[in-house]
Amino acid sequence: MTVSSVGIFGLSSRDEVYWRKDYVASMKEFIILSSSGFTQNEHGEDVENLQVIGWSKGASKEEAVLSFKEDQKELAQGFSKISAQETIS
């Protein structure tokens, strides 16, 4: 009889390793953007823009934004409108 240890997700240790590998493999890279603030053109007119404020990984846009907000708390606090766009590698 073989005794199998149970991991944190109720999976056997071996199955948990495979689950983690699949999860990490499913993580995508995202560029993190903010539409907070504005810039001006050379004539002094306001122009709508997006600012690149970082990069993050996640299985979805929402997860990448949450991860960015957790990892970069101080930076993220300065922006009220944060979004993500998946990058192509």
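Just so it is clear, the model here is predicted, and its values are computed rather than measured.
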Point to revise | Short side-chain to backbone donor-acceptor contact, S56 and A64, under 3.5 Å | key: yes
Check your understanding: Sub-3.5 Å donor-acceptor pair from the side chain of S36 to the main-chain atoms of S80, do we have one?
Key -> yes
Review point. So, do Q40 and V47 sit near enough that their side-chain heavy atoms are less than 4.5 Å apart?
Key: no
Exercise for review: Evaluate the side chain to side chain contact (heavy atoms under 4.5 Å, CB included) criterion for residues I53 and F79: first the C-alpha distance (whole Å), next the side-chain angles of each, then the deciding distance (0.1 Å), finally the verdict.
Suggested key: CA-CA 9 Å; I53 57 174; F79 298 93; 3.5 Å; yes
Review point. Is there side-chain contact between L75 and F68, with heavy atoms separated by less than 4.5 Å?
Key: yes
Exercise for review: Measure the shortest side-chain to side-chain distance between V52 and I32 over non-hydrogen atoms and say whether it is less than 4.5 angstrom.
Suggested key: no
Exercise for review: Answer yes or no: are there more than 12 heavy-atom neighbours, outside E48 itself, under 6.0 Å from its atom CD?
Suggested key: no
Check your understanding: Of all residues at least two apart in sequence or in a different chain, which pass the side chain to side chain donor-acceptor pair (under 3.5 Å) check with E70?
Key -> none
Practice item. Evaluate the side-chain proximity of F30 to K61: yes if any heavy-atom separation is below 4.5 Å, no if none is. Key: yes
Study note, to complete from the structure: S83 meets the side chain to side chain contact (heavy atoms under 4.5 Å, CB included) criterion, sequence neighbours left out, with L33
Check your understanding: Does any non-hydrogen side-chain atom of E63 lie less than 4.5 Å from one of M27?
Key -> yes
Review point. Under 3.5 Å, side chain of S34 to main-chain N/O of K81, donor-acceptor pair present?
Key: yes
